[in-house]
Amino acid sequence: MSDKKRTVSYTAYDKAVRILETECDDALLQFVNYVFHEDYDNTAKIIRLRNQHFVEHTDGETEEQITDSHFSITFRGKTKKYHMECQSNGYSGSMLIRIIQYAFQTAIDDSTCEYDEIKIKIPQSVLFVLRNKGNPPEKARFRIITPGGEVSYEAPVICEAWFSIDEMFENKLHFLLPFFAFNLESQMDIYERDKEKLKEFEDIYFEVIERIHQLPEAVLSLRTKGVIIKEMAKVIRRLNEKRENVIRKVGDIMMDSTLEWLREYDAAVAKGKVEGKEEKLISQICRKLRKGKSVTQIADELEESEIRVRVICDTAAEFAPDYDEEKVIKAVLNPVED
């Protein structure tokens, strides 16, 4: 394999998808239930899997390929693997190449070999499209022509623009809420220059956040609500980097939401509803970081997902470079503070 590597590009939206997938089990299960017609409940166990591979191209260069989400779900004694790719620039058939490359690579990694046979199992894939461009289909089809005949399968496509806010709540597609700003993107310039229209934008998001707060914890945990609201704010800001009025209004909306979320969180703590497992994990990670251990080493030693450990380590690096446990716990467990 060549030592030459192609550059990998990431976007703020890819990161938002990874954070939601890593931090919000309940929202992820709801998303999988809708997309793949499953019936997982909160007893289902999610395991985050390796999301990095290297692909060698015909020019001799290798490309580090990182999927947006790769995980397995075990439920009632059965385990299924899932793979999700997010595309922010609209639909393109070229995304199907990435999906099939990654699907085959993960299948090879988990293959079983005997004397004269190799068995591979393709994970279930979904393509999540943020912008309604390129006429995204409802399903993508993969046809594989082999010497022994043709094999084909389909992967669902989900486009943010296909769902209104009401439909997201009705179908428990809370995973999509942070990206709703893409559905308003064509109106952002109007919001920026027209104060009355900007008030409409404010009203939309006040209503969305209020509906999130009103969801019972049996539907969405308090922590997941906070993560969704935080990522929602990040996506809006990223889409409107040069629109000062919209950014300022987002700050006003999120300030009120932060206070409301903190009140709910404090009440949950007082009633003993917030478990200490997360705090314990963060403390363990901080202690190992102070010893100079890598993310991979920490994940192996704690038997935790590398993605989950990396999110906590990134938060520590940003808010507490000295790995002070109390500061990191506060930063991680107070996800609406930006």
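- Between Cys313 and Ile285 the shortest heavy-atom distance is SG-CG2, 3.9 Å.
- The shortest distance between side-chain heavy atoms of Asn245 and Phe201 does not fall below 4.5 Å.
- Each of Arg310, Lys225, Arg223, Lys230 was scored for a salt bridge (charged side-chain N to carboxylate O under 4.0 Å, His left out) with Glu23, with one residue passing: Arg223.
- Side-chain contact between Val227 and Leu20 is present, with at least one heavy-atom pair separated by less than 4.5 Å.
- A donor-acceptor contact shorter than 3.5 Å is absent between the side chain of Gln187 and the backbone of Lys197.
- Residue Ala155 comes nearest to Phe142 through the heavy atom pair CB-CE1, 3.7 Å, listed as atom of the first residue, atom of the second, then distance.
- Considering Phe169, Phe180, Phe179 as possible partners of His174, the one that fulfils the ring pair (Phe, Tyr, Trp, His ring centres under 6.0 Å) test is Phe169.
- We find the CZ-CE distance between Arg243 and Met188 to be 7.0 Å, quoted to the nearest 0.5 Å.
- The pair Arg18-Glu21 does not meet the salt-bridge criterion, since no charged nitrogen lies less than 4.0 angstrom from a carboxylate oxygen.
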Hey, mind stepping through Thr315 and Ile282 against side chain to side chain contact (heavy atoms under 4.5 Å, CB included) and telling me if it holds? CA-CA 10 Å; Thr315 302; Ile282 295 168; over 6 Å; no
Check the pair Asn183 / Phe163 against side chain to side chain contact (heavy atoms under 4.5 Å, CB included), numbers first and verdict last. CA-CA 9 Å; Asn183 294 358; Phe163 302 91; 5.9 Å; no
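- The salt bridge (charged side-chain N to carboxylate O under 4.0 Å, His left out) analysis of residues 130-158, with sequence neighbours excluded, yields the pairs Arg131-Glu185, Lys139-Glu154, Arg143-Glu150.
- Atom CD of Glu114 sits in a sparse spot, with 12 or fewer heavy atoms from other residues, nucleotides or ligands closer than 6.0 Å.
- At least one side-chain heavy atom of Ile228 sits less than 4.5 Å from a side-chain heavy atom of Leu220.
- The shortest heavy-atom contact between Ser111 and Ile120 is CB-CG2, 3.6 Å.
- Among residues at least two apart or in separate chains, salt bridge (charged side-chain N to carboxylate O under 4.0 Å, His left out) pairs with a member in residues 157-168 are Asp166-Arg211.
- Atom OG of residue Ser283 and atom CD of residue Glu325 lie 4.0 Å apart, to the nearest 0.5 angstrom.
- Ring centroid separation for the pair Phe182 and Tyr13 comes in under the 6.0 Å cut-off.
- In this structure, CD1 on Ile158 lies 12.5 Å from SG on Cys86, to the nearest 0.5 angstrom.
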Could you give me the CA-CA distance, side-chain angles and deciding distance for Val35 and Gln124, then say whether side chain to side chain contact (heavy atoms under 4.5 Å, CB included) is met? CA-CA 10 Å; Val35 173; Gln124 298 194 71; over 6 Å; no
After noting the C-alpha distance and the side-chain angles of Asp300 and Lys293, does the key distance pass the salt bridge (Lys or Arg N to Asp or Glu O under 4.0 Å) rule? CA-CA 11 Å; Asp300 287 343; Lys293 296 193 174 183; over 6 Å; no
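- Contact check on Glu196 versus Lys199 returns no salt bridge, with no Lys/Arg side-chain nitrogen under 4.0 Å from an Asp/Glu carboxylate oxygen.
- Heavy atoms only, all atoms of each residue included: Ala181 and Ile236 are closest at CB-CG1, 3.9 Å.
- The minimum heavy-atom distance linking Asp26 with Ser221 is given by the pair OD2-N, 2.7 Å.
- Annotation: side-chain hydrogen bond (donor to acceptor under 3.5 Å, both in side chains) contacts of Thr43 (sequence neighbours excluded): Asp41.
- Residue Leu28 holds its CG atom at 4.0 Å from CZ of Phe71, rounded to the nearest 0.5 Å.
- Annotation: the span from Lys80 atom NZ to Ser72 atom OG amounts to 12.5 Å, rounded to 0.5 Å.
- Shown here for Leu177 and Val208, the closest heavy-atom pair between the two residues is CD2-CG1, 4.4 Å.
- In this structure, the side chains of Ser69 and Tyr82 stay at 4.5 Å or more apart for every pair of heavy atoms.
- Applying the side-chain hydrogen bond (donor to acceptor under 3.5 Å, both in side chains) test to Lys249 and every residue at least two apart in sequence or in another chain returns nothing.
- Judged by distance alone, the side chains of Tyr91 and Gln87 never bring a donor and an acceptor atom under 3.5 Å apart.
- There is a side-chain donor-acceptor pair under 3.5 Å between Ser94 and Ser92.
- Between Ile190 and Arg193, the closest side-chain pair of non-hydrogen atoms falls below 4.5 Å.
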Kindly determine whether Tyr205 and Val250 satisfy side chain to side chain contact (heavy atoms under 4.5 Å, CB included), including the steps that lead there. CA-CA 9 Å; Tyr205 274 94; Val250 172; over 6 Å; no
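- Partners of Asp25 according to the side-chain contact (heavy atoms from CB on, under 4.5 Å) rule, which considers only residues two or more places apart in sequence or in another chain, are Ile46, Arg48.
- The side-chain heavy atoms of Glu200 and Asp194, taken from C-beta on, include no pair separated by under 4.5 Å.
- Rounding to the nearest 0.5 Å gives a distance of 8.5 Å between CD1 of Ile47 and OG1 of Thr79.
- Listed by chain and number, the residues in a side-chain contact (heavy atoms from CB on, under 4.5 Å) with Glu244 are Glu192, Arg248 (sequence neighbours excluded).
- At distances below 3.5 Å, at least one donor-acceptor pair connects side-chain atoms of Thr106 with backbone N or O atoms of Ala103.
- Between the side chains of Gln214 and Glu210, at least one donor-acceptor pair of N or O atoms lies under 3.5 Å.
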